[in-house]
Amino acid sequence: SDEVSVLFGANSPNSLAGSKTLCIDTKRPKIEDFTCVTQKGDYNKDDKILIKAEFDEPVSFDDPDSIKLKLADGVYTESSPISIGDKTLLFTYIVGDNQNYNPLKIIDVEIEDQKLIHDIAGNSLDIANSVKSKTFNGVVIDTTSPQKPVITIKENGETVTKKVFYDQNSEIQLVIKYDEGATVKEYSTDGGSTWNNYTSEVTLGNGEYTIKARSKDAAGNSSESDN
């Protein structure tokens with residue numbers, strides 16, 4: 001077994017005075033799980049995601065920088081994970097440009113030298129039999145802006161391209177199509193000085209308008225229409 005208790009008694013061939021219990025430990029420590037400390041949601045460039053690695057027994061970290069989590073090709077957690085107690089390492093992932101993952105995953109664990117993480121008996125980390133991947137459902141990395149809103153003007157229900165209307169009996173409506181991922185949808189009729197929430201087509205009365213539209217997704221990426 002991994003741990004053995006040996007008793008030296010008075011009648012033992014190699015007896016010692018009294019008795020003594022020894023613990024022989026040949027079991028190598030392993031990573032047993034990962035937890036995303038950061039709550040579920042959508043995250044954008046420069047946002048920080050905290051990931052906790054749990055070990056199956058107390059360990060010493062001679063060089064925490066020797067271990068990092070791989071999230072995609074060329075994408076890793078930051079250096080210098082924080083040791084919390086003797087069974088936990090806290091990693092930080094900072095979202096970079098053009099990184100989009102739905103959901104966020106750990107796909108591998110890379111370590112320079114397993115001996116730099118070891119238990120009290122000196123057994124080094126058993127990376128081969130450790131948990132090395134984890135999917136964090138509900139944690140979305142999104143750095144892509146939504147498509148620009150498309151503005152359409154309709155006269156009596158028909159799409160038109162003209163910009164001046166003379167018929168007082170005409171009903172002029174503003175219709176805006178937004179990206180499916182947009183969670184904030186706004187429009188302006190004064191060139192962007194004031195903004196209103198867009199919920200459905202807007203009827204325009206007499207006047208002169210400079211119409212713009214903008215949107216934002218759940219991660220905070222924004223997009224604005226051309227004038």
Side-chain angles (χ1 to χ4, degrees), residues 1-3 23-147 179 181-183 216-223:
S1 62
D2 293 325
E3 296 186 1
C23 180
I24 300 175
D25 179 6
T26 62
K27 175 179 174 289
R28 298 172 66 188
K30 298 187 292 290
I31 301 171
E32 64 178 0
D33 197 15
F34 293 101
T35 303
C36 187
V37 179
T38 304
Q39 67 182 4
K40 294 180 180 180
D42 294 64
Y43 296 92
N44 199 349
K45 182 179 181 295
D46 296 329
D47 286 340
K48 292 183 179 180
I49 309 297
L50 300 179
I51 300 172
K52 184 170 61 175
E54 296 281 358
F55 295 80
D56 65 346
E57 63 173 296
V59 291
S60 295
F61 306 103
D62 293 346
D63 182 11
D65 285 351
S66 67
I67 186 170
K68 55 187 176 181
L69 310 181
K70 184 177 182 179
L71 307 174
D73 288 340
V75 179
Y76 297 89
T77 51
E78 297 294 299
S79 59
S80 302
I82 299 171
S83 175
I84 301 177
D86 56 9
K87 295 180 66 175
T88 304
L89 275 180
L90 185 64
F91 295 84
T92 300
Y93 160 52
I94 300 178
V95 180
D97 283 321
N98 303 314
Q99 294 179 2
N100 298 279
Y101 314 117
N102 185 10
L104 178 65
K105 299 178 182 179
I106 296 171
I107 63 173
D108 200 5
V109 178
E110 295 190 3
I111 184 167
E112 294 177 9
D113 187 347
Q114 298 179 62
K115 295 179 182 179
L116 295 173
I117 299 177
H118 56 83
D119 64 16
I120 193 171
N123 299 300
S124 62
L125 179 65
D126 183 1
I127 193 65
N129 292 303
S130 290
V131 173
K132 293 187 290 184
S133 62
K134 185 69 178 284
T135 298
F136 302 118
N137 291 316
V139 180
V140 178
I141 307 302
D142 178 10
T143 62
T144 302
S145 296
Q147 294 183 0
D179 187 284
T183 55
K216 186 178 292 185
D217 63 20
N221 301 295
S222 61
S223 182

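Keep in mind that the numbers below use all heavy atoms, side chains included, and drop hydrogens, waters and symmetry copies. In what follows, residues are counted from 1 in the order of the sequence shown.
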(request) Using the side chain to side chain contact (heavy atoms under 4.5 Å, CB included) rule, pick out the option among Ile117, Ile67, Ile111, Asn129 that qualifies with Ile31. (result) Ile67

(message) Quick test of your reading of the model: are Lys30 and Asp56 salt-bridged, counting only N-O distances below 4.0 Å?
(response) yes

(message) Determine whether a donor-acceptor pair (N or O, by modelled atom type, separation under 3.5 Å) exists between the side chain of Asp42 and the backbone of Ala219.
(response) no

(message) In the structure I gave you, are the side-chain heavy atoms of Leu69 and Val109 within less than 4.5 Å of one another anywhere?
(response) yes

(message) Tell me every residue that passes side-chain contact (heavy atoms from CB on, under 4.5 Å) with Ser83, counting only those two or more places apart in sequence or in another chain.
(response) Phe61, Leu89

(request) Supply the atom-to-atom distance Lys52 NZ to Phe34 CZ, rounded to the nearest 0.5 angstrom. (result) 12.5 Å

(request) Could you tell me which non-hydrogen atom of Ile51 sits nearest to which non-hydrogen atom of Leu104, and how far apart they are? (result) CD1-CD2, 4.5 Å

(request) Report yes if some heavy atom in the side chain of Ile106 is under 4.5 Å from a heavy atom in the side chain of Leu71; otherwise report no. (result) yes

(request) Would you list the pairs meeting side chain to side chain donor-acceptor pair (under 3.5 Å) in which at least one residue belongs to residues 104-114, sequence neighbours left out? (result) Arg28-Gln114, Tyr76-Glu110

(message) I'd like to check the side-chain contact (heavy atoms from CB on, under 4.5 Å) partners of Ser145; sequence neighbours left out, ordered by chain and number.
(response) Asn221

(message) Quick one, Thr38 and Val139 - any side-chain contact, counting heavy atoms below 4.5 Å?
(response) no

(request) List the atom of Lys115, the atom of Ser124, and the distance in Å for their closest heavy-atom pair. (result) CA-CB, 3.6 Å

(message) Contact between Val59 and Leu125 at the side-chain level, heavy atoms closer than 4.5 Å - yes or no?
(response) no

(message) I need the Asp25 CG to Ile120 CD1 distance, nearest 0.5 Å.
(response) 9.0 Å

(request) Just grab all the ring pair (Phe, Tyr, Trp, His ring centres under 6.0 Å) pairs involving residues 93-129, residues at least two apart or on different chains. (result) none

(request) Hey, could you give me each pair passing salt bridge (charged side-chain N to carboxylate O under 4.0 Å, His left out) that has a residue in residues 127-143? Not counting sequence neighbours. (result) Asp33-Lys134

(message) Testing the basics here: between Gly138 and Pro103, what is the closest heavy-atom pair and its distance to 0.1 Å?
(response) N-CB, 4.3 Å

(message) With a 3.5 Å distance limit and no angle check, can you tell me whether Asp65 reaches the backbone of Ser80 through a side-chain donor-acceptor pair?
(response) yes

(request) Could you check if a side-chain atom of Asn102 sits within less than 4.5 angstrom of a side-chain atom of Asn100, using non-hydrogen atoms only? (result) no

(request) Mind checking salt bridge (charged side-chain N to carboxylate O under 4.0 Å, His left out) for Glu78 and listing every partner two or more places apart, or none if nothing turns up? (result) none

